[in-house]
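Down below is the structure, laid out as structure tokens.
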2 protein chains.
Amino acid sequence: MLNNSHYIDKLRSSGLRPTKQRIKICEILFNTEKTFHFTINDLVKKISKATNDKISLATVYNTVHAFKKKGYLKEIPINSDQSYFDTNTSHHHHFYDENQKDLIDIDDSDVEPVKINTRIPGKKIKSVEVLVKVEDINS
Amino acid sequence: MLNNSHYIDKLRSSGLRPTKQRIKICEILFNTEKTFHFTINDLVKKISKATNDKISLATVYNTVHAFKKKGYLKEIPINSDQSYFDTNTSHHHHFYDENQKDLIDIDDSDVEPVKINTRIPGKKIKSVEVLVKVEDINS
DNA sequence: TCAATAGTTTAGAACTATTATAATGTAGAA
DNA sequence: TTCTACATTATAATAGTTCTAAACTATTGA
Ligand SMILES: [Mn+2]
Ligand SMILES: [Mn+2]
Ligand SMILES: [Zn+2]
Ligand SMILES: [Zn+2]
């Protein structure tokens, strides 16, 4: 609503036209102190609450994928019925609570550096991510 | 075909009736020196090649889930359009080749022990898995 | 300023992995 | 052998995601 010029610049400099749908999604994803994890369905709900102008589901998917491609979002590797995305694009790791089906950040400083002593010829490492699955103690 | 008594015992002692479908799937999954990764679709293809008796898709899903529940298979956390399973149930990690969409084991001894210096109250750790995404060097 | 153009949004259909259903079949117990 | 709980099966249903193609719009440059 207020200070969108930042998002407009960011989008334009990424080669993405600053449409009102993209700006709205930027507000929802990035206008917050804390980063968070979300599914497409979560985001659709947030959009509904935040505005009366509907954004089509296809546009939500398109935008999330565009933002991921530009590095403004990360996708979290997890087996689930839906994809999880992360507004925290810094290097960090996750707990996955299998009871609550909830993701919780693990700060990079809380994980000893992961050292991989083997490589694959002709391939370069894109990311190294630790997933810690947790469950209720009485399970 | 030959020495199925081992699988029959294993199934029976797990509380699973040793049906011919389950025995056949055991042969395909466990009659090999090397462990491997597979999708449900991969397994269906292997079954087609291995036998003329068809096994229904529902049974393949049911069996894989039953074996996973009993700890004879692991599911690998990865974002993909389909689930990946692993006949290697020991503690190890993975490369995921994003070009070939291929999983490669990383022996536990090739990864420095992953130390997590934070916990979630009321939760216990079920697994700690490292996923190393790789891609072609010229990407 | 204002068409031309390339990029974007959209509703809805299509796709596809997975799960549910409910009828039929079968292993194991008695 | 008979009974029953468990298992298999074909098929339908579900649901997340992607595709399509028509309508719309931000940007460019004449
Ligand atoms: Mn899935
Ligand atoms: Mn998926
Ligand atoms: Zn995160
Ligand atoms: Zn493996």
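So you know, we letter chains A, B, ... as the sequences are listed, proteins then strands, and number each from 1. Note: hydrogens, waters and symmetry copies are ignored here, and every other heavy atom, side chains too, is used.
If you measure from atom CG of A:N79 to atom C1' of C:dT19, you get 16 Å, rounded to the nearest angstrom. Following rounding to the nearest Å, A:L57 (CG) and C:dC15 (C1') show an atom-to-atom distance of 15 Å. B:N62 has its CG atom 17 Å from the P atom of D:dT11, to the nearest Å. In this structure, the CG atom of B:D42 is 16 Å from the C1' atom of C:dT18, given to the nearest Å. Across the protein-nucleic acid pair, B:F38 atom CZ and C:dA17 atom P stand 16 Å apart, rounded to whole Å. Rounded to whole Å, atom P of D:dA7 lies 13 Å from atom CD1 of B:I25. Spacing between atom OH of B:Y61 and atom P of D:dA12 amounts to 17 Å, rounded to whole angstrom units. One atom, OH of B:Y84, and another, C1' of C:dT18, lie 16 Å apart when rounded to the nearest Å.
Looking only at distances, a side-chain donor or acceptor of A:R22 sits under 3.5 Å from a matching main-chain atom of A:R17. Listed for the B:K74 side chain is a donor-acceptor partner under 3.5 Å among the backbone atoms of B:S90.
In this structure the side chain of B:K10 never reaches within 4.5 angstrom of the side chain of B:C26, judged on heavy atoms.
Closest to the side chain of A:Q82, out of D:dC19, D:dA26, D:dG16, is D:dG16. Of the candidates C:dT10, C:dA27, D:dT17, C:dA27 carries the atom nearest the B:P18 side chain, counting heavy atoms from C-beta on.
Within the structure, every side-chain polar atom (N or O) of B:R17 is placed at least 4.0 Å from both OP1 and OP2 of C:dT26. In terms of phosphate contacts, A:T19 brings a side-chain nitrogen or oxygen within less than 4.0 Å of OP1 or OP2 of C:dT9. At D:dT8, one or more side-chain N or O atoms of B:R22 fall inside 4.0 Å of OP1 or OP2 (strictly under the cut-off). Applying the 4.0 Å criterion to OP1 and OP2 of D:dT17, one finds that A:H65 has every side-chain N and O outside that range. The shortest distance between the side-chain N/O atoms of A:Q21 and the OP1/OP2 oxygens of D:dT25 is not below 4.0 Å.
No contact: A:N41 has no heavy atom under 4.0 Å from any strand. Across all strands shown, B:I55 has heavy atoms under 4.0 Å from sugar-phosphate atoms exclusively, and none from any base. Nucleic acid contact class of A:K54 (heavy atoms, under 4.0 Å, all strands): sugar-phosphate only. Counting non-hydrogen atoms under 4.0 angstrom, B:T59 reaches a base of the nucleic acid.
Using bins of under 30°, 30° to 60° and over 60° for the plane-to-plane angle, the ring pair A:F38/A:F36 lands in the tilted bin. Using bins of under 30°, 30° to 60° and over 60° for the plane-to-plane angle, the ring pair A:H65/A:Y61 lands in the tilted bin.
A residue-by-residue look at B:E75 and A:S56 shows that A:S56 has its nearest nucleotide of DNA chain C further toward the 5' end.
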